[in-house]
Amino acid sequence: MKARVLHPWRVSHARAAGIQDALRPRLVAAPLPKEPRLVAGADVAYSRRTHRVYAAVVVVELPSLETVESVGVTRTATFPYIPGLLSFREVPSLIEAFERLSQAPNVLVFDGQGLAHPRRFGLACHAGLLLDAPSIGCAKTRLVGEHGPVPDRRGASAPLGVDGETVGAVVRTREGVNPVFVSPGHRADTESAVELVLALAARYRLPEPQRRAHHATVALHARDRDRPAARVRTYPDFVPKRPR
DNA sequence: GCGACAG
DNA sequence: ATCTTGTCGC
């Protein structure tokens with residue numbers, strides 16, 4: 001699938017936040033495709049020692065849940081991890097992986113937030129918008145928002161709200177296991193996102209495509225253990241302790 | 001100033 | 001997320 005690149009990735013933190021504000025109005029809220037045939041899961045692993053990033057996208061076919069395609073991309077990080085600016089760290093590698101797919105998935109699932117973000121523009125929103133595909137975020141922990149108790153039974157959920165507005169839901173995919181934070185990305189809505197996550201996570205905590213992408217990411221990292229340690233990175237806004 | 005803070 | 005060894009519970 002082809003992505004539309006509208007902005008550079010090596011930008012200041014202030015400009016990154018500005019880009020998120022500028023792109024947010026382009027997001028489309030809509031129910032996800034009824035019975036998607038292809039669902040992609042995406043995840044990224046890192047090596048702190050080498051500053052390498054390992055991105056993976058796994059496409060599964062429904063209703064069989066068979067893996068039909070898998071792509072891995074390894075790069076050097078060009079942006080640091082900053083809460084609220086995760087997409088600037090992960091999207092470049094993920095976009096490259098998605099562009100190598102032989103066929104476009106019907107829905108994309110990202111390991112991170114969608115609308116449940118300080119500026120309502122998390123990783124799933126950013127990636128989904130650039131790829132112009134229905135997308136949702138399925139994060140393992142909270143970034144923003146408040147929610148009531150989530151009954152300890154598979155299928156239970158509670159709205160995730162940010163000052164009066166529902167930005168997603170906290171969903172229990174397995175009894176006795178921490179719930180996941182689901183929120184719409186592009187061309188999605190909370191209700192259909194929650195239903196898709198529950199359909200894809202029948203046996204494990206995370207949706208199957210995302211879970212397999214995570215495994216792929218760990219494998220990529222493991223296969224790259226011999227890389228020499230990298231020198232200090234020069235990320236945007238980076239300021240050395242002892243200026244030269 | 002203090003606490004929170006996806007991966 | 002990564003680094004890193006062992007340990008608790010189904």
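Here is how names work: the chains are called A, B, and so on, in the same order as the sequence lines, proteins then strands, and each is numbered from 1. Side chains included, hydrogens not; waters and symmetry mates left out as well; all remaining heavy atoms used.
Ion pairing between a basic and an acidic side chain is recognised when a charged N comes within 4.0 Å of a carboxylate O; A:D224 and A:R49 show no such pairing. We find that A:K140 and A:D111 are joined by a salt bridge, their nearest charged nitrogen and carboxylate oxygen being less than 4.0 Å apart.
Heavy atoms of A:V144 sit nowhere under 4.0 angstrom from any nucleic acid atom. Contacts of A:A45 with the nucleic acid, taken as non-hydrogen atoms under 4.0 Å apart, involve only primed sugar atoms and P, OP1 or OP2. If you check every strand for non-hydrogen atoms under 4.0 Å, A:G84 touches a base. Within 4.0 Å (heavy atoms only), A:L85 reaches at least one base atom of the nucleic acid. Residue contacts shown for A:R89 are absent, as no nucleic acid heavy atom lies under 4.0 Å away.
By the 30° and 60° cut-offs, the orientation of the rings of A:H126 relative to A:W9 is tilted. Relative orientation of the A:H51 and A:Y235 rings is perpendicular, given thresholds of 30° and 60° on the angle between their planes.
As rounded to whole Å, 18 Å separates atom P of C:dA1 from atom CG of A:D224. If you measure from atom CZ of A:R225 to atom C1' of C:dT4, you get 11 Å, rounded to the nearest angstrom. Regarding A:H221, its NE2 atom lies at a distance of 6 Å from the P atom of C:dT2, rounded to whole Å. Taking atom CG of residue A:L123 and atom P of nucleotide C:dA1, one finds them 14 Å apart after rounding to whole Å. As a whole-Å value, the separation of A:L86 CG from C:dT2 P is 13 Å.
Here the range on DNA chain B touched by chain A, meaning any atom under 4.0 Å from one of its heavy atoms, is B:dA4 to B:dG7.
Other residues, nucleotides and ligands place no more than 12 heavy atoms under 6.0 Å from the CZ atom of A:R48.
At the phosphate of C:dA1, neither OP1 nor OP2 sits under 4.0 Å from any side-chain N or O atom of A:H214.
Linking ILVMFWY residues whenever their side-chain heavy atoms come closer than 4.5 Å, directly or via other members, places A:L131 and A:L115 in the same cluster.
With hydrogens and angles left out, the side-chain atoms of A:R212 and A:T67 include a donor and acceptor closer than 3.5 Å.
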* To do: Given side chain to side chain donor-acceptor pair (under 3.5 Å), test A:E90 with A:Y46 step by step and report yes or no.
  => CA-CA 10 Å; A:E90 300 197 343; A:Y46 309 95; 2.4 Å; yes

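Across A:L129, A:L32, A:L108, A:L27, a single residue satisfies side chain to side chain contact (heavy atoms under 4.5 Å, CB included) together with A:S135, and that is A:L108.
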* What dot-bracket string describes DNA chain C from 5' to 3', counting Watson-Crick and G-U wobble pairs whose defining distances are under 3.5 Å, with [ ] for crossing pairs and | for pairs to another strand? -> ..........

